[in-house]
Amino acid sequence: MTPDLSPTLARDAALRRLVQAFAAAGIANPRGEARFLAEHALGLSAADLLLQGRTPLGAAGAQALEAAAGRRLAGEPVARIVGAWEFWGLPFALSPETLVPRPDTETLVEASLRLLPERDRRLRLVDLGTGSGCIMVALLHERPHAFGIGLDRSQEALLTARANAAANGVGGRAAFLRGSWLDAVSGPFDLIVSNPPYIASGVIPTLQAEVRGHDPMAALDGGTDGLDAYRAILAGIARRPGLLAPGGAVALEIGYDQAEAVTDLAEAAGFREITLAHDLAGQARVVTLRPSLAAI
Ligand code: GLN
């Protein structure tokens, strides 16, 4: 149940009530989530929340915190309530059309950076299904002479991605364009990167309510076997070898059980140097590949 928070209640007492309510609701990290929501709802830094714990909530604070706690207890993830999340140590705004960035996806950024080892080269990058732009913005942040294009079918996601690139100081080296996979671009690119939708349609009803109910379906649903996006992307690159610059590479995030299937698809499409990168849980999370020599 949402705790009743009166305007005269001290911030630290309110926080305790939230932690209790979140724990009772089975939320895995009740203390961390309560703190994070309180900071945002009350507009305080972590330090101020701690140091000024005796200050009463006030009418606006009590109302904002109660509303945020109510949404969390109704199953909405903290990132959605706050409308922002951190990725690669950088802040990202979210919209209903963008996935909440996952820590697993940092594996995709790391693998991409390994494919682009020269920090100061002038590179051209493209991100397919860019969503919040978190992957592209992280890459541009790490490669200061790179230029990146983020493609998405959702106009709202493109607005969010543009704002995120600007807020993180890379807006001048990024363009966000509407497009389905690679149709809208010509290349050549040094890297084609994507975290496409890869959940099999039949599995979607079994996902956690926080994912199923709040992440955009277009960013999750990978078709009957979850592999539709990989087929489209790999076929698109195989058909248009000029999309990749000489030495250019592809990095794709995959689901925990898709390494073999995506490797097979890549081999069948004529790619070589197919490697896997693993996430912190030890799951194969990224496939990287290059086109066959015959194609370049
Ligand atoms: N990793 C996401 C999840 O577990 C799925 C993201 C995707 O399909 N690209 O929900």
Side-chain angles (χ1 to χ4, degrees), residues 27-29 75-81 84-88 92 94-112 126-139 150-154 156-158 160-161 164 176 179-182 191-234 236 250-263 265-266 276-289:
I27 290 169
N29 175 13
E76 205 171 328
V78 173
R80 293 280 168 212
I81 299 168
W85 205 235
E86 201 177 271
F87 178 79
W88 201 257
F92 288 91
L94 303 177
S95 73
E97 297 276 287
T98 66
L99 210 59
V100 176
R102 315 283 208 260
D104 288 341
T105 302
E106 294 188 345
T107 306
L108 179 61
V109 174
E110 285 162 4
S112 299
V126 64
D127 176 21
L128 313 179
T130 199
S132 66
C134 65
I135 297 164
M136 182 51 71
V137 170
L139 291 174
L151 297 175
D152 210 288
R153 277 181 301 202
S154 157
E156 197 188 327
L158 294 170
T160 308
N164 282 328
F176 293 95
S180 178
W181 304 132
L182 286 153
L191 178 75
I192 298 175
V193 65
S194 184
N195 172 19
Y198 55 65
I199 311 287
S201 308
V203 171
I204 290 192
T206 71
L207 296 177
Q208 281 179 317
E210 292 172 359
V211 172
R212 182 168 29 92
H214 300 281
D215 275 318
M217 263 323 129
L220 296 174
D221 192 342
T224 311
D225 63 359
L227 301 171
D228 283 1
Y230 303 109
R231 286 192 195 91
I233 293 169
L234 293 170
V250 182
L252 304 171
E253 180 168 323
I254 58 168
Y256 73 97
D257 57 354
Q258 291 174 326
E260 202 179 315
V262 176
T263 303
L265 284 177
L276 298 174
H278 295 77
D279 61 23
L280 290 175
Q283 306 278 8
R285 180 59 60 189
V286 173
V287 176
T288 68
L289 41 93

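In this text, all values refer to a predicted model and were calculated from it rather than measured experimentally. As the structure lists them, so they are numbered: ligands from 1, and atoms in each ligand from 1.
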Name the residues with a heavy atom less than 4.0 Å from ligand 1? Leu99, Arg102, Asn195, Pro196, Pro197, Tyr198, Ile199, Val211, Ala219, Leu220
Can Thr160 and Glu97 be counted as having a side-chain donor-acceptor contact under 3.5 angstrom? no
Is there any side-chain hydrogen bond (donor to acceptor under 3.5 Å, both in side chains) pair reaching into residues 254-263, and which pairs are they, with sequence neighbours excluded? none
Regarding Ser201 and Asp221, is there a side-chain donor-to-acceptor distance under 3.5 Å anywhere? yes
When rounded to the nearest 0.5 angstrom, what distance separates CG in Leu94 from CZ in Phe87? 12.0 Å
With Leu252, which of Leu108, Val286, Asn195, Leu234 fulfils side chain to side chain contact (heavy atoms under 4.5 Å, CB included)? Leu234
Donor-acceptor pair, Asn164 side chain versus Ser132 backbone, under 3.5 Å? yes
